[in-house]
There are 2 protein chains.
Amino acid sequence: MSPKKPYNKLSKRQQAILQYVKQFIDKNGYPPTIREIGSQIGVASTSVVNYNLNKLVEAGYIERSDRVSRGIRLVADIPARKKSVKAAQQNVAIPYYGRIVAGEPIPVEAFDDPDKAIEVTPDMLGGIDPSEVFALEVQGNSMIDAMISDGDIVLLRRQETARNGDMVAVWLTTRGETTLKRFYLENGRVRLQPAHPTMEPIFVSPDECQIQGKIISIIRHLH
Amino acid sequence: MSPKKPYNKLSKRQQAILQYVKQFIDKNGYPPTIREIGSQIGVASTSVVNYNLNKLVEAGYIERSDRVSRGIRLVADIPARKKSVKAAQQNVAIPYYGRIVAGEPIPVEAFDDPDKAIEVTPDMLGGIDPSEVFALEVQGNSMIDAMISDGDIVLLRRQETARNGDMVAVWLTTRGETTLKRFYLENGRVRLQPAHPTMEPIFVSPDECQIQGKIISIIRHLH
DNA sequence: ATTATAAGCGAACAGTAGTTCGATTGTCAA
DNA sequence: TTGACAATCGAACTACTGTTCGCTTATAAT
């Protein structure tokens with residue numbers, strides 16, 4: 001199950017060297033010496049660094065000037081930083097229903113207040129029709145067991161049924177609260193399974209739980 | 001006298017040196033030595049070149065690292081990192097560096113492959129310059145108690161320092177791996193604290209860990 | 001002319017840096 | 001086990017490189 005990543009033929013040490021050289025150049029404006037590289041990656045012998053630098057040359061990642069101090073240059077690009085702004089796609093506006101609070105149902109009727117919408121890229125929805133999607137902000141830590149914490153924004157697809165294993169927002173009619181859980185229908189009853197291994201599931205009958213939607217994405221901002 | 005003033009109050013010799021240094025770096029990827037400069041501009045004495053280089057430092061054209069071979073950098077080159085372009089409703093493409101796996105460094109490779117980038121709306125970054133941001137996919141559950149789970153996509157801001165408690169991606173130079181942990185600097189050593197109750201913290205010295213960036217956002221897709 | 005200051009010169013010095021080489025270790029296939 | 005080969009290590013060697021210092025030259029104000 002190797003994901004076959006870049007750096008195919010490079011050893012870990014060679015990757016470390018390449019990483020450090022790039023970082024060093026970016027920071028200092030000139031390449032490091034063999035000994036500077038060695039001390040940083042934890043290799044005492046200059047010959048080992050030299051050996052691996054030559055490997056990097058063979059692999060085409062760098063070039064070296066013989067007998068020249070700091071005679072390393074990156075083949076790809078001298079300034080490592082690239083600009084990352086790129087072509088714009090069409091964003092989609094997702095209705096934002098505000099906060100989901102325990103004890104209150106999610107309003108089902110749509111409202112179209114423009115600033116009550118959040119904008120996402122279509123690929124965030126994984127091909128789902130944007131009109132079926134709405135967003136909630138999680139308030140409180142009542143759903144922390146589903147690895148969803150206070151302030152998280154969840155994108156949900158509107159649906160009233162769910163398949164086993166789906167993460168859904170469920171309105172528990174008898175308890176009078178809404179919760180986010182994994183949904184399992186088994187033996188005529190519903191098991192709402194927290195994502196956290198140490199938490200116990202909740203068992204309810206199908207007629208006392210009303211599915212509001214299925215979670216398709218979670219967005220969290222840290223500061 | 002002078003038809004124009006290419007560089008404000010620089011002597012002809014200093015201009016020649018500056019010109020040559022720029023040219024040399026552009027050609028070779030690393031700065032010239034004092035003697036290389038001297039031979040090019042026709043000065044035999046290293047001290048003369050050294051003298052004029054210091055003048056260029058005073059004038060603000062270059063920076064030097066003491067006692068470092070080729071320790072010259074052009075001042076204009078360094079601030080290449082700060083670009084602040086605020087695209088209004090445009091999406092930004094964030095370089096996607098793949099998975100963060102124990103034992104494999106974050107590739108520093110260029111990301112020319114279009115699907116090696118993820119697109120987000122600028123407000124996802126909370127006002128942070130998009131060019132400072134990159135994305136990783138988390139592998140493993142070592143951060144499960146920080147509510148970061150396998151498969152999550154984390155957006156990180158490139159920075160080399162961190163405050164205690166920050167969630168950072170750290171490159172462990174001697175181990176040759178990158179890891180996602182909470183950062184604490186205490187008693188002159190660095191504690192990298194996993195947010196998983198059964199996992200022990202990692203202790204390293206500050207010079208063997210390079211902070212890659214700080215987590216600013218987490219995106220999780222459920223399918 | 002005198003003086004101060006900037007600029008230049010050449011040589012010597014000490015530490016730095018790339019290279020080389022013999023020896024060792026680890027891996028993998030025969 | 002054996003052999004081939006890649007990777008590593010430590011040390012020594014030579015050449016390189018920045019720094020320093022005493023001395024000289026040039027310029028301009030006094």
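Below, chain A is the first sequence line, B the second, and so on; all start at residue 1.
Using a 3.5 Å distance cut-off with no hydrogens or angles, the side chains of B/Asn50 and B/Arg64 do pair a donor with an acceptor.
You'll find the side chain of A/Asp150 stays beyond 4.5 Å of the side chain of A/Asp152, heavy atoms only.
Distance A/Leu53 CG to D/dA7 C1': 14 Å, rounded to the nearest Å.
When DNA chain C is scanned in the 5' to 3' direction for atoms under 4.0 Å from non-hydrogen atoms of chain B, the outermost contacting nucleotides are C/dA6 to C/dA17.
Results of the side-chain contact (heavy atoms from CB on, under 4.5 Å) test with A/Ile216 over A/Val133, A/Asp166, A/Val154 single out A/Val133 as the only residue that passes. When each of B/Val48, B/Leu18, B/Val49 is tested with B/Ile37 by the rule side-chain contact (heavy atoms from CB on, under 4.5 Å), just one qualifies, namely B/Val49.
Side chain of B/Glu36 to main chain of B/Thr33: a donor-acceptor pair is present (N/O by atom type, distance under 3.5 Å, no hydrogens or angles).
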Going 5' to 3' along nucleotides 15-29 of chain D, which nucleotides have protein heavy atoms under 4.0 Å from the base (write B), which only from the sugar-phosphate (write S), and which from neither (write -)? --BBBBB--------
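Because its NZ or CZ atom is not both nearer than 6.0 Å to the ring centre of A/Tyr30 and within 45° of the ring axis, A/Arg70 does not count as a cation-pi partner of that residue.
B/Thr46 pairs by the side chain to side chain contact (heavy atoms under 4.5 Å, CB included) definition with B/Ile34, B/Arg35, not counting sequence neighbours.
Counted within 6.0 Å of CG on B/Asn164, heavy atoms from surrounding residues, nucleotides or ligands total more than 12; the atom is thus considered enclosed.
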